[in-house]
Amino acid sequence: MAFQSWIPCPMHPTLSTTQRGHLQRLCLTNGITLLVGQNAAVEILAAHCFFRGGSRVEQPQQAGLSQLLAAVLTKGTRQRDSQAIAAWVESLGASLSVDSAADHFEVALRCVAEDFPELLQLLAEILRDPSFPEAEVARERDLMLQAIRARQERPFSLAFDQVRRALYGDHPYALPELGGVETVGSLTREDLLAYHATYCRPEGMVMAVIGPEPPETVAAQVEAALGDWVSAGPPAPDPALPLSPLERPQLLKLPQPTQQTTILMGFRGSPAASADYPALKLLATYLGSGLSSRLFVELRERSGLAYEVSAFFATRRDPAPFGAYLGTAPENTLVALERLQAEIRRLHDTLLSGEEVEMAQRKLLGQYALSKQTNAQVAQLAGWYEILGLGLEFDQQYLQRVRQLTPAHLHQAATTYLVNPAIALVGPEEALAKVEL
């Protein structure tokens with residue numbers, strides 16, 4: 001079989017059936033994009049199905065809707081209830097899960113390869129014909145409300161919520177992915193049906209499968225299960241979501257009766273598709289990844305100002321948040337913030353040395369290699385890049401770009417993006433009162 005029933009993919013027509021590493025990209029006539037690879041060394045097959053959606057498409061009054069869909073999607077179809085689904089998956093020793101993030105939601109499946117056709121039939125039922133039972137919706141909604149209340153007791157979550165609102169304004173990235181108590185409490189089964197009809201569609205689906213079977217076999221199995229899936233109605237709109245410029249730094253204080261102060265400096269970084277994305281990833285690694293990172297060494301080891309310290313840069317379709325944070329004793333709040341700000345200014349004022357950049361590159365590349373050791377990890381990463389519009393080729397392009405970064409590249413990224421921060425402080429009121437911009 002030579003994939004006769006599959007067609008060139010619209011996004012990358014010249015690469016439709018071209019070998020890229022050990023993955024191939026194919027498209028069904030109904031629009032499903034399949035990324036398929038063979039790893040004959042193991043019997044386990046991993047499949048990740050991605051759909052555009054997530055919190056990026058939510059309206060403020062429905063924040064948390066994508067998370068609720070992820071919680072309920074596998075709780076029933078018109079043919080089986082939640083117990084029947086769980087029993088069937090368990091009887092095969094397989095796993096089935098659904099997750100939601102900022103730009104997408106995904107269904108993940110792992111099983112012995114010979115069970116894949118049967119589980120594909122179950123997956124097709126779940127994707128095409130979920131029943132969203134009222135009792136399951138109510139139960140999962142209550143669990144989400146408990147999780148939201150628990151989250152509101154964590155200082156870092158409170159700080160990040162403030163930073164997110166300050167950085168993103170009316171953009172959906174300002175919304176908490178888990179939603180709020182009021183919005184989640186008002187979500188209904190009808191909301192889930194409408195969301196599912198809008199975003200869970202074959203033309204918006206990317207499926208990445210890696211297992212021991214030849215790609216031709218997997219493609220035939222996917223086509224048999226999902227080839228006749230046809231969407232009702234027009235595709236979901238996919239508008240660009242503009243962001244207003246950030247004009248000045250902001251200081252956000254939230255007094256809380258905590259034993260320490262949490263300090264979070266947040267910046268608006270680049271989209272994943274930007275040429276600056278690898279440089280910001282490397283800056284986050286340099287600043288806050290591990291015991292040898294700049295912030296850990298300077299603020300915790302040498303100065304004793306931080307109980308915990310780290311930095312992060314997310315991977316998003318639109319400009320992603322970049323953050324550096326620490327937890328400190330309340331009496332050290334002012335000096336700890338000044339030292340954190342000084343480390344950011346250092347990136348503006350001084351080029352990093354070649355040795356510092358090289359060390360961060362080795363760390364980032366090593367962490368990246370460790371993140372894709374299994375079939376499931378490789379499938380998840382490939383599908384994620386594809387649904388973000390980066391293409392599965394991004395995996396190798398990203399590695400090459402990281403290796404090519406120089407101190408000048410990092411300086412350019414720092415002076416472009418690490419400006420006009422939103423600084424959130426969560427801690428005892430008397431400690432926060434001493435801090436001004």
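Predicted model, so just to flag it, every value in this text is computed and none were measured.
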With a 6.0 Å cut-off (strictly less than), is the heavy-atom count around CD of Glu114, excluding the residue itself, greater than 12?
no
How long is the span from the OG atom in Ser292 to the CE atom in Met359, to the nearest 0.5 Å?
6.5 Å
When every non-hydrogen atom of Pro155 is compared with those of Thr258, the smallest separation belongs to CG-CG2, 4.1 Å
Thr406 backbone acceptor or donor facing His409 side chain under 3.5 Å
yes
Determine, stepwise, if the pair Cys49 / Leu123 fulfils side-chain contact (heavy atoms from CB on, under 4.5 Å).
CA-CA 10 Å; Cys49 302; Leu123 180 67; 3.7 Å; yes
Does a sphere of radius 6.0 Å around CD in Glu355 hold more than 12 heavy atoms from other residues, nucleotides or ligands, not counting ones at 6.0 Å or beyond?
no
Pro172 versus Ser55, closest heavy-atom pair with distance:
CB-O, 3.4 Å
Short N-O contact, Asp238 and Arg56, less than 4.0 angstrom:
yes
Do Leu34 and Leu28 have side chains that approach each other closer than 4.5 Å (heavy atoms only, starting at C-beta)?
no
Euclidean distance, Arg316 CZ relative to Ser274 OG, rounded to 0.5 Å:
15.5 Å
For the residue pair Leu73 and Phe132, establish whether any side-chain heavy-atom pair is separated by less than 4.5 Å.
yes
Just checking, any donor-acceptor pair under 3.5 angstrom between side chains of Ser289 and Gln367?
yes
Pair Glu343 + Arg302, salt bridge at N-O below 4.0 Å
no
Whether over 12 other heavy atoms sit under 6.0 Å from Glu90 CD:
no
Residue pair Arg189 / Val72, side-chain heavy-atom distance below 4.5 Å
no
Test log, rule side-chain hydrogen bond (donor to acceptor under 3.5 Å, both in side chains), inputs Glu136 and Ser82:
CA-CA 9 Å; Glu136 298 286 356; Ser82 61; 2.9 Å; yes
Any salt bridge linking Asp142 with Arg139? Criterion: basic side-chain nitrogen under 4.0 Å from a carboxylate oxygen.
no
Donor on one side chain, acceptor on other, Glu106 and His48, under 3.5 Å
yes
Side-chain H-bond candidate by donor/acceptor type, Ser66 with Tyr195, under 3.5 Å
yes
What's the verdict on side-chain contact (heavy atoms from CB on, under 4.5 Å) for Gln62 and Leu187, showing C-alpha distance, side-chain angles and the deciding distance?
CA-CA 7 Å; Gln62 291 188 320; Leu187 294 176; 4.1 Å; yes
For the residue pair Asp161 and Arg151, establish whether any side-chain heavy-atom pair is separated by less than 4.5 Å.
yes
With distance as the sole test, does Thr416 use its side chain to make a donor-acceptor pair with the main-chain N or O of Ala413 at under 3.5 Å?
no
Salt-bridged, Glu436 to Lys253, with N to O below 4.0 Å?
yes
Identify the heavy atoms of Pro278 and Ala275 that sit nearest to each other, and give their distance.
CD-O, 3.4 Å
Donor-acceptor pair, side chain of Thr328 and main chain of Thr261, under 3.5 angstrom:
no
Candidate pair Leu96 and Thr74, rule side-chain contact (heavy atoms from CB on, under 4.5 Å), full reasoning
CA-CA 8 Å; Leu96 177 67; Thr74 61; 4.1 Å; yes
Any idea how Tyr277 and Phe313 line up, ring-wise: parallel (<30°), tilted (30 to 60°), or perpendicular (>60°)?
tilted
Could you check whether atom CZ of Arg110 has more than 12 heavy atoms from other residues, nucleotides or ligands sitting under 6.0 Å from it?
no
Result for side-chain contact (heavy atoms from CB on, under 4.5 Å) between Val426 and one of Ile263, Leu254, Leu432, Leu252 points to Leu254
Distance (rounded to the nearest 0.5 Å) between Leu68 CG and Thr183 OG1:
10.0 Å
If you measure from OH on Tyr307 to CZ on Arg300, what distance do you get to the nearest 0.5 Å?
10.5 Å
Derivation and outcome, side-chain contact (heavy atoms from CB on, under 4.5 Å), residues Leu120 and Val222
CA-CA 7 Å; Leu120 259 176; Val222 172; 4.2 Å; yes
Using modelled atom types and a 3.5 Å cut-off, is there a donor and acceptor pairing between side-chain atoms of Thr415 and backbone atoms of Gln412?
yes
If the threshold is 4.0 Å, N to carboxylate O, is there a salt bridge linking Arg149 and Glu153?
no
Answer yes or no: are there more than 12 heavy-atom neighbours, outside Glu356 itself, under 6.0 Å from its atom CD?
yes
Mind checking the CG-CD1 spacing from Leu381 to Ile210? Nearest 0.5 Å is all I need.
9.5 Å
Centre-to-centre under 6.0 Å for Phe322 and Tyr417, is that the case here?
no
Within a strict 4.5 Å, meaning less than it, do heavy atoms of the Phe50 and Gln380 side chains meet?
yes
Just by modelled atom types, is the Gly288 backbone N or O under 3.5 Å from a matching donor or acceptor in the Ser310 side chain?
yes
Heavy-atom closest pair (Val184 atom, Gly64 atom, distance to 0.1 Å) is CG2-CA, 4.3 Å
Do His171 side-chain atoms and Pro242 backbone N/O form a donor-acceptor pair below 3.5 Å?
no
Determine the minimum heavy-atom distance between Gln38 and Glu213, stating which atoms define it.
CG-O, 3.5 Å
On a heavy-atom basis, the closest approach of Ser186 and Asp191 is O-OD2, 4.0 Å
Taking the side chain as every heavy atom from C-beta outward, state whether Leu69 and Tyr199 have any atom pair closer than 4.5 Å.
no
Check this for me: Glu182, atom CD, are more than 12 non-hydrogen atoms of other residues, nucleotides or ligands nearer than 6.0 Å?
no
Looking only at atom types and distance, does a side-chain atom of Asp103 sit under 3.5 Å from a main-chain N or O of Leu388, one as donor and one as acceptor?
no
Looking at Tyr368 versus Tyr398, is the centre-to-centre ring distance below 6.0 Å?
yes
Would you mind reporting whether Gln361 and Leu405 have side-chain heavy atoms less than 4.5 Å apart?
yes
Can you tell me if CD on Glu43 sees more than 12 non-hydrogen neighbours from other groups inside 6.0 Å?
no
Atom pair CG (Leu418) and CZ (Phe267), whose distance is rounded to the nearest 0.5 Å
5.0 Å
Can you tell if the side chain of Leu243 reaches within under 4.5 Å of the side chain of Tyr168, non-hydrogen atoms only?
yes
Tell me, yes or no, whether the heavy-atom count around Glu429 atom CD, taken from other residues, nucleotides or ligands under 6.0 Å, exceeds 12.
no
